[in-house]
Colleague: 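Please read through the structure below; I'll follow up with questions.
Note that the structure is predicted; figures quoted are calculated from it, not measured. Just so it is clear: chains get the letters A, B, ... in the order the sequence lines come, proteins before strands, and each one is counted from 1.
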Amino acid sequence: MLFQRHSAPNFRFIILFALSLCIMFYDQKKQQSERLHIALSAAVAPLQFAISAPFDVLGWAKDSFTTHQKLLTENADLNAELLLQQAQIQKILELERENAQLRALLKSASYLTSNVKMAQILAVDVDPYLSQAILDKGSQNGVFVGQPVIDATGVMGQVIQVGFLTSRVMLITDSRSAVPVQDVRTGVRAIAAGTGPQRPLSLTNVPDTADIKVGDKLLTSGLDLLYPVGYPLGVVKTVDFQSGEPFATITVEPAANLNESRQVLLMWLPAQAVYEEAKQDLVQISKERQVPTTSFVAPTN
Amino acid sequence: MTHPRSIPYGLILLSLFVALLLGILPMPLWSVWYRPEWMALVILYWVMVLPETVNIGVAWLMGIVLDALNGTLLGEHALALAAIAFIMDKWQRQVRLFPVWQSAVIVGVLIAIYKLIIGVIQGLVGQPPDSVGYAFSIGTSVLLWPWLQAVLAVRESYGAQE
């Protein structure tokens, strides 16, 4: 009896240790364990919905018990805002028409229009060292891996895992995330890489001579064929040019409300149009620079 | 040697379920680093009290669930939980007789090992938790240990095995 009690855990631990290592190595090759993750996320989804539900009810209760007066003032404010934005949209519609015309002249497909669907971030915390969020839309809503996610003010991230009912979003602050961006003021292109949750992004490999200043707005350039073109990513927070260093140290404050947004938009971009557009751009660039066109692989999606 | 009638399966399942929920309960932004390691605490408690019922295998399975919830590398939390459950299983005869403050120290050490294992694996897959805050939850977990013991106090009634 005594022997059994003390030898069983040893043996069991060695087996489980080996099993953990095997699963971790297997999981590193994401493509293979995709199905496993779908199954697992389906298993834990009820738990996540269960935790999130009371917070949704709280929000609903708060809405239902606001006073008449408050609703009236809020309504007036919203009407005023709507008027302002409609005025701005008139200008945008005109610009869009003009843009489409110009693109037609250049014989290139316009991909500024795209389908969007509203999704909600579940009120569920993940480990604080991960920059992730969980959405209440999954494969049954047509969500796919690599899908861009934005909120009202900017780009939030991309979908990295899709379950049946839920999906997992990697935020732009994740250290594995990198978004190609363009400076609105000067057109300088760069890549904004995440450095960890609650931290500013950093622009990587920007030469000391690049014209980027504090306060510059950065938009997505769409060169990754993943994020839509021209959505705000952030504002340059600090710029540090150090003599002797080949690259400048530039930090960027994300435009999206990464910690507070609950309502987000999932985007469906016409992938083929994006691909054609990018290919034409690249051909143009390579012609200008007299560089032979490299083979370009179409996105499978 | 065992008391099949007296093993509180209901309480064990309930405590594991609540630990899962508390692990993903949304908390204000300032407090995210202070979230106690609920699952590790509950597993350590049950391994200390009923090592034959809640064994390393249970710890490992709960770790897999934690990995699925957190979206971490599959097997990461499982390995860490199984490791501390294993150490606790080795020591449980002594630890269960310790006064509360002494067992709290042991629990602190085990939680630190748990966090170290997860931190190292996170680092290996490319995203090490490099904030000082990462260690804060060891403190909150230790502070919670006496309360957890009080809440799950079945130590006296179910403890005697020999």
Side-chain angles (χ1 to χ4, degrees), chain A residues 1-2 5-6 8-17 19-28 33 36-37 39-45 47-48 50-52 54-55 122-132 134 160-161 163 168-170 174-176 194-199 259-260, chain B residues 1 17 20-27 29 31-35 47 51-52 55-57 59-61 63-83 85-90 93 118-119 121-122 124-131 133-134 136-137 161:
Chain A
M1 245 2 185
L2 202 77
R5 235 203 73 59
H6 279 276
N10 282 354
F11 179 67
R12 223 180 271 152
F13 181 65
I14 290 166
I15 294 289
L16 289 177
F17 184 80
L19 194 60
S20 305
L21 289 184
C22 290
I23 291 180
M24 282 191 279
F25 278 118
Y26 180 72
D27 194 30
Q28 266 297 71
S33 52
L36 189 66
H37 275 287
L40 277 172
S41 71
V44 296
L47 213 59
Q48 291 164 334
I51 272 288
S52 187
F55 288 87
L122 290 180
V124 166
D125 276 6
V126 288
D127 277 350
Y129 50 86
L130 300 170
S131 299
Q132 293 180 354
I134 294 160
I160 51 167
Q161 231 180 65
R168 195 174 286 276
V169 177
M170 176 176 75
D174 192 293
S175 58
R176 287 170 298 175
T195 56
Q198 324 319 335
R199 291 192 198 164
N259 300 318
E260 273 132 54
Chain B
M1 182 172 153
F17 183 70
L20 277 182
L21 290 185
L22 286 173
I24 58 169
L25 189 76
M27 302 216 299
L29 203 59
S31 65
V32 286
W33 292 110
Y34 295 98
R35 184 197 297 278
V47 172
E52 321 243 314
N55 54 28
I56 304 171
W60 190 83
L61 275 181
I64 290 287
V65 178
L66 278 189
D67 283 324
L69 275 175
N70 279 308
T72 41
L73 191 65
L74 216 54
E76 177 182 315
H77 283 84
L79 177 64
L81 267 183
F86 175 66
I87 302 172
M88 186 50 122
D89 187 276
K90 287 272 159 198
R93 274 152 189 265
I118 290 173
I121 297 173
Q122 279 291 328
L124 287 176
V125 295
Q127 201 180 8
D130 51 355
S131 161
Y134 187 62
F136 291 171
S137 64
Q161 286 191 349

Colleague: Are B:Trp60 and A:Leu19 packed together at the side-chain level, in the sense that at least one heavy-atom pair is separated by less than 4.5 angstrom?
Modeller: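 They are in contact (side-chain heavy atoms under 4.5 Å apart), so the answer is yes.
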Colleague: State, with a plain yes or no, whether a side-chain heavy atom of B:Trp33 is found less than 4.5 Å away from one of A:Tyr129.
Modeller: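 A side-chain contact under 4.5 Å exists here.
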Colleague: Heavy-atom pairs under 4.5 Å with chain B: which of A:Leu122, A:Asp125, A:Ile51, A:Ile160 has the most?
Modeller: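 Going by pairs under 4.5 Å, I would pick A:Asp125.
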Colleague: Please rank B:Ala59, B:Gly57, B:Gly75 by heavy-atom pairs under 4.5 Å with chain A and give me the top one.
Modeller: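 Greatest number of close heavy-atom pairs with chain A: B:Gly75.
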Colleague: Would you mind checking which part of A:Asp127 comes under 4.5 Å of any heavy atom in chain B, side chain (CB onward), backbone (N, CA, C, O), both or neither?
Modeller: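 Both parts, backbone and side chain.
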Colleague: As an exercise: rank A:Leu21, A:Leu130, A:Val44, A:Val126 by heavy-atom pairs under 4.5 Å with chain B and give me the winner.
Modeller: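 That would be A:Val44.
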Colleague: Locate the shortest heavy-atom distance separating B:Thr72 from A:Asp27; write the atom from each residue and the value.
Modeller: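 Closest pair (atom of B:Thr72, atom of A:Asp27, distance): O-OD2, 4.3 Å.
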Colleague: Where does A:Ile134 contact chain B at under 4.5 Å (heavy atoms): side chain, backbone, both or neither?
Modeller: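 Just the side chain, heavy atoms under 4.5 Å.
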Colleague: Taking A:Arg12 for the side chain and B:Phe86 for the main chain, is one N or O donor matched with an acceptor at less than 3.5 Å?
Modeller: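 Not at all, since once roles are kept as given, no pair shorter than 3.5 Å links the two residues.
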Colleague: Find the one option among B:Leu69, B:Ile56, B:Leu21, B:Ile121 whose heavy-atom pairs under 4.5 Å with chain A are most numerous.
Modeller: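 Max contact count across the listed options: B:Leu69.
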Colleague: Let's test your reading of the structure: which of B:Leu66, B:Val65, B:Asn55 forms the most heavy-atom pairs below 4.5 Å with chain A?
Modeller: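 Winner by heavy-atom pair count: B:Asn55.
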Colleague: What pair of heavy atoms forms the shortest contact from A:Pro197 to A:Pro128, and how long is it?
Modeller: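 Taking A:Pro197 first and A:Pro128 second, the nearest heavy atoms are CG-O, 3.2 Å.
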Colleague: Can you give me the closest heavy-atom contact between B:Ala68 and B:Leu74, atom names plus distance?
Modeller: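 Heavy-atom minimum between the residues: N-CD1, 4.5 Å.
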Colleague: If you count heavy-atom pairs under 4.5 Å with chain A, which of B:Leu79, B:Ile118, B:Val125, B:Val32 comes out on top?
Modeller: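 Option with the top pair count is B:Leu79.
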Colleague: Which pair of heavy atoms, one from A:Ala123 and one from B:Pro26, lies closest together, and at what distance?
Modeller: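 What the structure gives for the nearest pair is O-CG, 3.1 Å.
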Colleague: What part of A:Gln48 gets within 4.5 angstrom of chain B, counting heavy atoms only: side chain, backbone, both, or neither?
Modeller: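 Contact with chain B is through both the backbone and side chain of A:Gln48.
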Colleague: Using non-hydrogen atoms and a 4.5 Å limit, figure out which bit of A:Ser175 sits close to chain B: side chain, backbone, both or neither.
Modeller: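 Contact with chain B involves both backbone and side-chain atoms of A:Ser175.
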